Amino acid sequence: MELRTETVLASLEMSEVGSDGGSSEGNEDYESLPAHASLGTHMTAGAVAGVLEHTVMYPVDSVKSKHGCELLI
């Protein structure tokens, strides 16, 4: 077994899989809302994302902070 020391570069492409099983090429971001979504829909999506983030991360951050304070005592 021989070890190679050359640098290997690989190109990764993300492709979307269409409903028919084939890949579809497009510029649409998978996290974006449809083009016909209104401003209110975008604002609601952002608000829900923010509430969910705080709901999940607040308890984690509280435990982390309490643990950090206990280490200082």
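Only a predicted model underlies this, so the values are computations on that prediction, with no experimental measurement involved. All values below were derived from every heavy atom in this structure, side-chain atoms included, with hydrogens, water molecules and symmetry-related copies excluded.
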Any pair with a residue in residues 36-50 that passes salt bridge (Lys or Arg N to Asp or Glu O under 4.0 Å), sequence neighbours left out, goes on the list, sorted by first then second residue, please. none
Could you go through residues 41-61 and list every donor-acceptor pair under 3.5 Å that involves a side-chain atom there, pairing it with any protein atom two or more places apart or in another chain?
unit_1, atom_1, unit_2, atom_2, d
T41, OG1, S38, OG, 3.1
T44, OG1, G40, O, 2.8
T55, OG1, V51, O, 2.7
D61, OD1, K64, NZ, 3.4

Once salt bridge (Lys or Arg N to Asp or Glu O under 4.0 Å) is applied, what residue pairs with a partner in residues 34-47 remain, sequence neighbours excluded? none
